[in-house]
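These numbers come from a predicted model, not from an experiment. Note that ligands are numbered from 1 as they come in the structure, with each ligand's atoms numbered from 1 the same way.
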Amino acid sequence: MDVLALEAKNVTGTETEKKSAPRPKPKQPKKAKRIVYFEVEIVDLKTKEKLLLLDKVEPTATVLDIKALFHKSYPKWYPARQSLRLDPKAKSLRDEEVLQTLPVGTTASFYFGDLGPQLTWGTVFLAECVGPLIIYLMFYFRLPFIYSPKYDFTSSKHWVVHLACMCHSFHYIKRILETLFVHRISQGTMPLRNIFKNCGYYWCTAAWMAYYINHPLYTTPQYGQQQVNVGLYIFLFCQVGNFSIHVALRNLKSPGSKVKKIPYPTKNPFTWIFWLVSCPNYTYEVGSWIGFTVMTQCVPVLFFTLVAFIQMSVWAKGKHRSYLKEFRDYPTLRSSILPFIL
Ligand SMILES: CCCCCCCCCCCCCCC/C=C/C(=O)SCCNC(=O)CCNC(=O)[C@H](O)C(C)(C)COP(=O)(O)OP(=O)(O)OC[C@H]1O[C@@H](n2cnc3c(N)ncnc32)[C@H](O)[C@@H]1OP(=O)(O)O
Ligand SMILES: NC(=O)C1=CN([C@@H]2O[C@H](COP(=O)(O)OP(=O)(O)OC[C@H]3O[C@@H](n4cnc5c(N)ncnc54)[C@H](OP(=O)(O)O)[C@@H]3O)[C@@H](O)[C@H]2O)C=CC1
């Protein structure tokens, strides 16, 4: 589609796309159906000021096409930064929605909201995972200025400290690799502020946990090697489970697709938990950190686990609600994150 809108008028400021000499009318085949073009007006969500008028927009134009046209007139607002709605209180339209299928006449008004600066999901995921990996290792190797100078570059005598470092590093390397090679994330971007929130949370808690676990005066778990082993088994079991769910979710979508489907158990036994919960990747993630808490018996780790659990429960409940809303045949036995409980 080359020409979506023949004219775009910037209503408030100077005209950005000046009218040139009249264009020759394209030759139409004799019996071709007449296209009914749309007129699209873009209004500021907050001030209700008219920002742009697009003449003769093709009916098959998508919301993303309209965003691209708006972007031409307002270069600051690239498409990912725009939220377009049909009503100021309605939800944002999805990029792939088509003009002629929207509940509008041939003259449509869109309300524009600025979502603020955006970053790709990949960037945020990578930043939030690379940080803890490096920060933890700085404490593990006891770099200068962390503990007292006599401990610089020394190594702990406790096996659990080395094991904890291996598990922590394994977890974040796994997440980085999953971000690069497994996840098929459909949303292009998220708000820039998220990188500060997510990284602030992950980086600070990684430093806090690492400081205590690698401290020269760290005390090992009360029930000794048995407790460490139990924690390790829980951790490893849940890591495999979490990875299995990520693969199952990946296989639900073809590359580039944004369509959500009901996830079902596959041949992999780790995915059978889908019979009972909607977001088992979160269940396994929380399980991993419970395992890590048991293994290290460390208060900052318990705090991290609790915050992660609260955050993932909120997200899982939201996802569960949207599954129920979207799919009439959604399995009724499922809870959000904890089987039969939550
Ligand atoms: C020792 C120190 C200790 C420190 C402890 C501190 C504790 C603090 C706790 C903090 C916890 C933080 C935990 C973070 C852990 C992160 C873990 C992860 O790795 S998860 C992976 C990363 N995921 C995320 O970060 C989630 C990102 N998602 C979102 O932020 C939002 O879902 C979304 C904004 C991207 C989209 O929302 P969604 O619900 O999908 O869309 P809606 O259409 O329902 O819109 C809701 C609302 O958001 C606005 N919106 C939508 N998209 C965007 C966008 N790209 N940019 C800005 N705003 C957006 C939309 O307009 C709606 O707003 P409204 O006003 O209601 O119209
Ligand atoms: N420790 C902590 O505090 C936290 C850790 N995490 C970890 O990060 C991982 C990723 O988190 P998050 O992105 O929130 O996980 P999600 O479950 O939201 O998404 C993971 C991937 O699965 C896809 N997906 C999810 N549901 C469906 C569906 N029904 N149909 C098709 N595709 C689907 C998503 O696609 P789409 O982009 O379309 O949604 C995305 O690519 C978690 O599993 C967890 O291991 C996450 C949160 C907090």
Nearest non-hydrogen contact to atom 7 (C) of ligand 2 from the set His171, Arg175, Lys319 belongs to Arg175
Any cation-pi pair here, Arg334 with Phe327, using under 6.0 Å and within 45°? no
For His246, which part has a heavy atom under 4.0 Å from ligand 2: side chain, backbone, both, or neither? side chain
Could you tell me, atom by atom, which parts of ligand 2 come under 4.0 Å of a heavy atom of Asn281? 15 (O), 16 (P), 17 (O), 42 (C), 43 (O)
Should Met209 be listed as contacting ligand 1, given a heavy-atom distance under 4.0 Å as the test? no
Heavy-atom distance under 4.5 Å between the side chains of Arg94 and Lys258, does that happen here? no
Heavy-atom proximity to atom 14 (C) of ligand 1, picking from Val124, Asn198, Leu93, Leu119, points to Asn198
Atom 33 (C) of ligand 2: closest protein heavy atom, distance to 0.1 Å, is Leu249 CD2, 4.1 Å
Which option wins on minimum heavy-atom distance to atom 18 (C) of ligand 1: Gln311, Glu128, Gln82? Glu128
For Phe125, take its heavy atoms, then give the atoms of ligand 2 lying under 4.0 Å from any of them. 13 (O)
shortest atom 56 (N) of ligand 1-to-protein heavy-atom contact is with Gln118 NE2, 2.9 Å
In terms of atom number and element, which parts of ligand 1 are under 4.0 angstrom from non-hydrogen atoms of Lys91? 42 (P), 43 (O), 44 (O)
For Arg85, atoms of ligand 1 separated by under 4.0 Å from a heavy atom: 61 (O), 67 (O)
Return yes when atom CD of Gln226 has more than 12 non-hydrogen atoms of other residues, nucleotides or ligands closer than 6.0 Å, and no otherwise. no
Is the centre of the Tyr74 ring less than 6.0 Å from the centre of the Trp77 ring? yes
Tell me whether the rings of Tyr147 and Phe139 are parallel (<30°), tilted (30 to 60°) or perpendicular (>60°). perpendicular
Among Gln187, Glu285, Lys197, which one has a heavy atom closest to atom 36 (C) of ligand 1? Gln187
Under 4.0 Å from a heavy atom of Phe125: which atoms of ligand 1 are those, numbered in the order shown and with their elements? 21 (C), 22 (C)
I need the nearest protein heavy-atom contact for atom 39 (O) of ligand 2: residue, atom name and distance, please. Lys260 NZ, 2.8 Å
Can you find a pair of side-chain heavy atoms, one from Glu39 and one from Leu53, that are under 4.5 Å apart? yes
Leu252 heavy atoms, cut-off 4.0 Å: which ligand 2 atoms fall inside? 28 (C), 30 (N), 31 (C)
Which heavy atom of Leu232 sits nearest a heavy atom of Cys167, and at what distance? CD1-SG, 3.7 Å
Atom 37 (O) of ligand 2 [closest protein heavy-atom partner, distance rounded to 0.1 Å]: Ser186 N, 2.7 Å
Under a 4.0 Å heavy-atom limit, does Glu178 contact ligand 2 with its side chain, its backbone, both, or neither? neither
Nearest protein heavy-atom contact for atom 21 (C) of ligand 2: which residue, which atom, what distance? His183 ND1, 3.7 Å
Can you list the atoms of ligand 1 that are under 4.0 Å from a heavy atom of Cys204? 2 (C)
Does a donor on one side chain and an acceptor on the other come within less than 3.5 Å for Thr189 and Thr120? no
For Tyr136 and Cys165 the tightest heavy-atom approach is CE2-CA, 3.6 Å
Nearest-contact summary for atom 41 (O) of ligand 2 - protein heavy atom, Å: Arg184 O, 3.2 Å
Short list, please: which atoms of ligand 2 are under 4.0 Å from a heavy atom of Tyr323? 26 (N), 27 (C), 28 (C), 29 (N)
For ligand 2, is any non-hydrogen atom under 4.0 Å from Tyr282's backbone (N, CA, C, O), its side chain (CB onward), both, or neither? side chain
So OG1 of Thr179 and CD1 of Ile185: to nearest 0.5 Å the spacing works out to 6.0 Å
of all protein heavy atoms, closest to atom 4 (C) of ligand 1 is Thr205 CG2, 4.6 Å
Verdict with supporting geometry, Asn229 and Gln225, side chain to side chain donor-acceptor pair (under 3.5 Å): CA-CA 6 Å; Asn229 289 344; Gln225 194 56 40; 3.1 Å; yes
Plane angle bin for Phe292 and Phe235 - parallel if under 30°, tilted between 30 and 60°, otherwise perpendicular: tilted
Nearest to atom 1 (N) of ligand 2, what protein heavy atom do you find, and at what distance? Glu285 OE2, 3.1 Å
Does Met312 come within less than 4.0 Å of ligand 2, judged by its heavy atoms? yes
What protein heavy atom lies closest to atom 30 (N) of ligand 2? Include the residue and the distance to one decimal. Lys261 N, 3.3 Å
Looking only at the side chains, is there a donor atom on one of Thr62 and Asp65 sitting less than 3.5 Å from an acceptor on the other? yes
I want to confirm something. Looking only at heavy atoms, which of Tyr201, Trp121, Phe303 is nearest to atom 15 (C) of ligand 1? Tyr201
Distance-only N or O hit between ligand 1 and Asn194, under 3.5 Å: yes
Need the ligand 2 atom indices (1-based, order shown) with element for anything under 4.0 Å from a heavy-atom of Ile185. 37 (O), 41 (O)
If only side-chain N and O atoms count, and only distance matters, is there a donor-acceptor pair under 3.5 Å linking Tyr151 with His215? no
Closest protein heavy atom to atom 59 (C) of ligand 1, given as residue, atom name and distance to 0.1 Å: Leu115 CD2, 3.6 Å
From Lys67 NZ over to Ser83 OG, what is the distance, rounded to the nearest 0.5 angstrom? 7.0 Å
Where on Ser83 is there a heavy atom closer than 4.0 Å to ligand 1, on the side chain, on the backbone, on both, or on neither? neither
Any idea which of Trp315, Phe243, Tyr202 brings a heavy atom closest to atom 5 (C) of ligand 2? Tyr202
Is there a protein heavy atom at a distance of less than 4.0 Å from atom 19 (O) of ligand 2? no
Which residue and non-hydrogen atom of the protein lie closest to atom 9 (C) of ligand 1, and at what distance in Å? Val307 CG1, 4.0 Å
Among all protein non-hydrogen atoms, which one is nearest to atom 1 (C) of ligand 1, and what is the separation to 0.1 Å? Trp208 CE3, 4.0 Å
Residue-level breakdown please: for Lys253 versus ligand 2, do any non-hydrogen atoms fall below 4.0 Å on the side chain, on the backbone, on both, or on neither? side chain
For atom 17 (C) of ligand 1, which candidate among Phe304, Tyr202, Trp203 provides the closest heavy atom? Tyr202
Mind telling me whether Tyr172 and Tyr202 have parallel, tilted or perpendicular rings, with 30° and 60° as the class edges? perpendicular
Under 4.0 Å from a heavy atom of Thr189: give me the atoms of ligand 1 that qualify, with their elements. 55 (N)
Derivation of the side-chain contact (heavy atoms from CB on, under 4.5 Å) call for Phe70 and Leu54: CA-CA 9 Å; Phe70 185 59; Leu54 298 165; 5.8 Å; no
Got a sec: does the OH of Tyr233 have more than 12 other heavy atoms crowding it under 6.0 Å? no
At under 4.0 Å between heavy atoms, is it the side chain or the backbone of Asn242 that contacts ligand 2, or both, or neither? side chain
Which atoms of ligand 1 have any heavy atom of Trp315 under 4.0 Å away? 16 (C), 20 (S), 23 (N), 24 (C), 26 (C)
